[in-house]
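Here is the structure we will look at, set down as structure tokens.
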Amino acid sequence: MPTANQQLAALFAQMADILEILESDRFRVNAFRKTSRVLDDMAEDVAGIGPDISSLVQIDGVGKGAAQRIAEFLETGKIADHTQLMDQIPDGLLGLLNISGLGPKTISLFWNQAGVEGLDDLKAKLETGELTNLPGLGKKKLENIQKSVAFAESAGGRVRLGQAMPMAFWFVGQLEKLKQVKQAAYAGSLRRGRETIGDIDVIVSAEAKGAAAISDAFVALEPVTDVLVKGATKSSVRTRGGMQVDLRVVEPRQYGAALMYFTGSKEHNIVLRQRAIDRGMNLNEYALTKGNKIIAGQTEQEIYQVLDLAWIPPELREDRGEMILAEKNELPKLIEIGDIKAELHAHTTASDGHWSIEEYAAAAAHRGFHTVAVTDHSRGQGQANGLSSQRLEQHIKNVRVAAAQMKNQITILAGSEVDILANGQLDYPDSLLKELDLVVASPHAALTQEPKKATDRLLKAIDNPYVTIMGHPTGRIILSREGLNPDMKQLIAAAAQRGIALELNANTMRLDLRDTHARMAIEAGVLLSINTDAHGPDHLDQLVYGVLTARRAGATKAGVINCLSKAALAKWLRGTRP
DNA sequence: GCCGTTTTCGGCCCGACTGTTTTCAGTCG
């Protein structure tokens, strides 16, 4: 069940789409889009604010009109304007907006002049040639639309951060090998560490005369299956995996401006641009200029500096207040991957992992970690070979033996990832939990519970005196399973009260807590625990995704228990238990 | 429709590429 914020965001986005197809004022359309984005980004539940207009208009991007529509939704579950707009166009038209190269103008034209009411109509009429002879649409354009339709049917939009990043590294590496290329980096939502990525943006710098050769080499790379656009400075390709990769070639003196521009976010850029205008300057993807004079452009740092801002880490560039902090030079010193010194959630062959206690501990020690916790599944996870109470007792003994053997290399803690059952009870009795050094309590089943029930369930688990960390609280799987929608505000307050940590599960499938929830937790003073939930050696590498997400939330080293020293972590763990 | 240190009107980011044009509209990012 989507939250009120998500439902409202979808309604406002849909109203914007319809208004655009109906050729309404584009600024009005943008206003609806902004409201949609703000609602989607907002950590606070708008239902909690209630249908009070004067409170709702306090939200940035929500004016009187949007406030009334939100209030209407909160009271009736519907927005009359939305229903009325939906009645004005065939349902199938909205889906056509997802087809690359097809925008509102063309869709409107197809609908009004050729009777296209959806994807099936479009496909049929493209086949029969009924769409030729429409104004402004030649053979080539129709062919491209036909190709895009075929692609849209075979591929699904975004991919996970962890899928896009290795590919981006590969492309950057290939481009760096070209002799014309001076610098290369990926930008876009990937650089900002978003949990899903639409396409990969790569920026390279080179002297102008070398640009053509770079574009040629780029579109000829092995994974490229389609060339969508190829120009002197801008090219776009599709790869075998269906991923789109965009390349921009700029001159070295423009590199910082380009990197900044294409890192985004769009909203962050708009604020920056306005800030430049306020200072009598102009900012675009090539430079910060004053009149005809170039003021800055080679590095991001110098551009921010001229705009009286500290350099803002990409993960914070979402127009969520970072500009104010940068102005006052109060940006947090964000956590870095090297700050992490402990892994507190991992599985071994005792349950569903692929490595022994010793292999796990050795890999962690090799990374420079001082502590690991062995946390195999509890008995309820039958499919994951969860441990019965008897097996857990034996497992604890095995962990103690390994810990003694390896005590000069690393500290090994005996823990468990204990199921939070549907009713909020834990999967082992307290008498057994007491024997462990730490308990990660996580929901695994009944992940479609109503929000209220889910909240009560997780609150009950937090109440258990032996719980140290709440693991992946929503149980979502990115792009695949929505998971629970508990009242995060209540959970965070309870975690703060109890003094336990909330996990930010670093697995690229999970990233749970998500960035906005992690931000709420930090603001409430709750400590985070960034863990990979490793089941085998390569999984520890997923730490980077958890750290990126934590950085998006504004996390510092001080707010993450995995960054504590060995002694401090041991002390903190003891402090959470009776 | 939203917003305000030029605040209740007037502006809202802007450049590259494509395909269709003979100077530009549409789309994308």
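Throughout, a chain's letter reflects where its sequence line sits, starting with A, and its residues are numbered from 1.
- Shown for residues 111-140 of chain A: residues whose heavy atoms fall under 4.0 angstrom of DNA chain B, namely A:Gly136, A:Leu137, A:Gly138, A:Lys139, A:Lys140.
- If you run side-chain contact (heavy atoms from CB on, under 4.5 Å) between A:Gln6 and each of A:Val46, A:Leu11, A:Asn485, A:Leu39, only A:Asn485 comes through.
- Closest to the side chain of A:Pro104, out of B:dT27, B:dC17, B:dC2, is B:dT27.
- Comparing B:dC2, B:dT27, B:dA16 by their nearest atom to the side chain of A:Arg248 picks out B:dA16.
- Side-chain nitrogen and oxygen atoms of A:Asn144 include at least one within less than 4.0 Å of the OP1 or OP2 phosphate oxygen of B:dG19.
- Closest to the side chain of A:Lys234, from the set B:dG1, B:dC17, B:dC13, is B:dC17.
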Working for side-chain contact (heavy atoms from CB on, under 4.5 Å), residues A:Ile49 and A:Leu56: CA-CA 7 Å; A:Ile49 298 173; A:Leu56 289 169; 3.9 Å; yes
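- Look at the C1' atom in both B:dT20 and B:dT27: the space between them is 14 Å, to the nearest Å.
- In this structure, A:Asp25 reaches the bases: a heavy-atom distance under 4.0 Å links it to at least one base atom across the strands shown.
- A salt bridge links A:Arg33 and A:Asp17; the closest N-O separation between the charged side-chain nitrogens and carboxylate oxygens is under 4.0 Å.
- Here the separation of B:dG11 from B:dT6, taken at their P atoms, is 16 Å to the nearest Å.
- Residue contacts for A:Val29: at a heavy-atom cut-off of 4.0 Å it reaches no nucleic acid atom on any strand shown.
- Between B:dC3, B:dG1, B:dC13, one nucleotide has an atom nearer to the side chain of A:Asp60 than all others, and that is B:dC3.
- OP1 or OP2 of B:dG1 sits under 4.0 Å from a side-chain N or O of A:Arg28.
- Under 4.0 angstrom from either OP1 or OP2 of B:dC17 there lies at least one side-chain N or O belonging to A:Thr233.
- Here the separation of B:dC12 from B:dC17, taken at their P atoms, is 25 Å to the nearest Å.
- When the nucleotides B:dA16, B:dC17, B:dC13 are ranked by their closest atom to the side chain of A:Tyr286, B:dA16 comes out on top.
- Separation of the P atoms belonging to B:dC9 and B:dT18 is 45 Å when rounded to the nearest angstrom.
- Checking B:dC12, B:dG29, B:dT27 against the side-chain heavy atoms of A:Thr106 singles out B:dT27 as nearest.
- A:Glu20 comes within 4.0 angstrom of nothing in the nucleic acid, heavy atoms only.
- A side-chain N or O of A:Trp311 and one of A:Glu300 form a donor-acceptor pair less than 3.5 Å apart.
- Shown for residues 72-93 of chain A: no residue has heavy atoms falling under 4.0 angstrom of DNA chain B.
- One P atom belongs to B:dG1, the other to B:dT5, and the distance between them is 23 Å to the nearest Å.
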Could you walk me through whether A:Lys182 and A:Tyr255 satisfy the side-chain contact (heavy atoms from CB on, under 4.5 Å) test, starting with their C-alpha distance in whole Å, then the side-chain angles of each, then the deciding distance to 0.1 Å, before giving a yes or no? CA-CA 10 Å; A:Lys182 301 219 185 309; A:Tyr255 185 67; over 6 Å; no
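- Judged as a ring-ring contact (aromatic ring centres under 6.0 Å, His included), the pairs with a partner in residues 175-212 of chain A (not counting sequence neighbours) are, in order, A:Phe169-A:Tyr186.
- Checked against B:dG26, B:dC17, B:dG1, the side chain of A:Val229 finds its nearest nucleotide in B:dC17.
- Between A:Ser236 and the phosphate of B:dC28, there is no side-chain N or O to OP1/OP2 separation shorter than 4.0 Å.
- Among the atoms of the strands shown, only primed sugar atoms or phosphate atoms (P, OP1, OP2) are found under 4.0 Å from some heavy atom of A:Ile99.
- B:dC14: Watson-Crick or G-U partner is B:dG29, with both key distances under 3.5 Å.
- For the pair A:Gln274 and B:dG11, the criterion of a side-chain N or O lying under 4.0 Å from OP1 or OP2 is not met.
- Of the possible polar contacts, one joining the A:Asp45 side chain to the A:Ala47 backbone as a donor-acceptor pair under 3.5 Å is found.
- Taking side-chain N and O atoms only, A:Arg69 has a distance below 4.0 Å to OP1 or OP2 of B:dG1.
- Residues A:Gly264 and A:Asn269 approach most closely at CA-ND2, 3.7 Å, considering heavy atoms.
- Within 6.0 Å of the CG atom in A:Asp278, the count of heavy atoms belonging to other residues, nucleotides or ligands exceeds 12.
- A distance of about 33 Å separates the C1' atoms of B:dG15 and B:dT8, rounded to the whole Å.
- Of the N and O atoms on the side chains of A:Ser54 and A:Asp52, at least one donor lies less than 3.5 Å from an acceptor on the other residue.
- Here the separation of B:dT7 from B:dT21, taken at their P atoms, is 47 Å to the nearest Å.
- In summary, A:Asp319 and A:Lys266 do not engage in a salt bridge, as defined by a charged side-chain N under 4.0 Å from a carboxylate O.
- Contacts of A:Lys230 with the nucleic acid, taken as non-hydrogen atoms under 4.0 Å apart, involve only primed sugar atoms and P, OP1 or OP2.
- Side-chain proximity of A:Lys141 to B:dT27, B:dG29, B:dT20: nearest is B:dT20.
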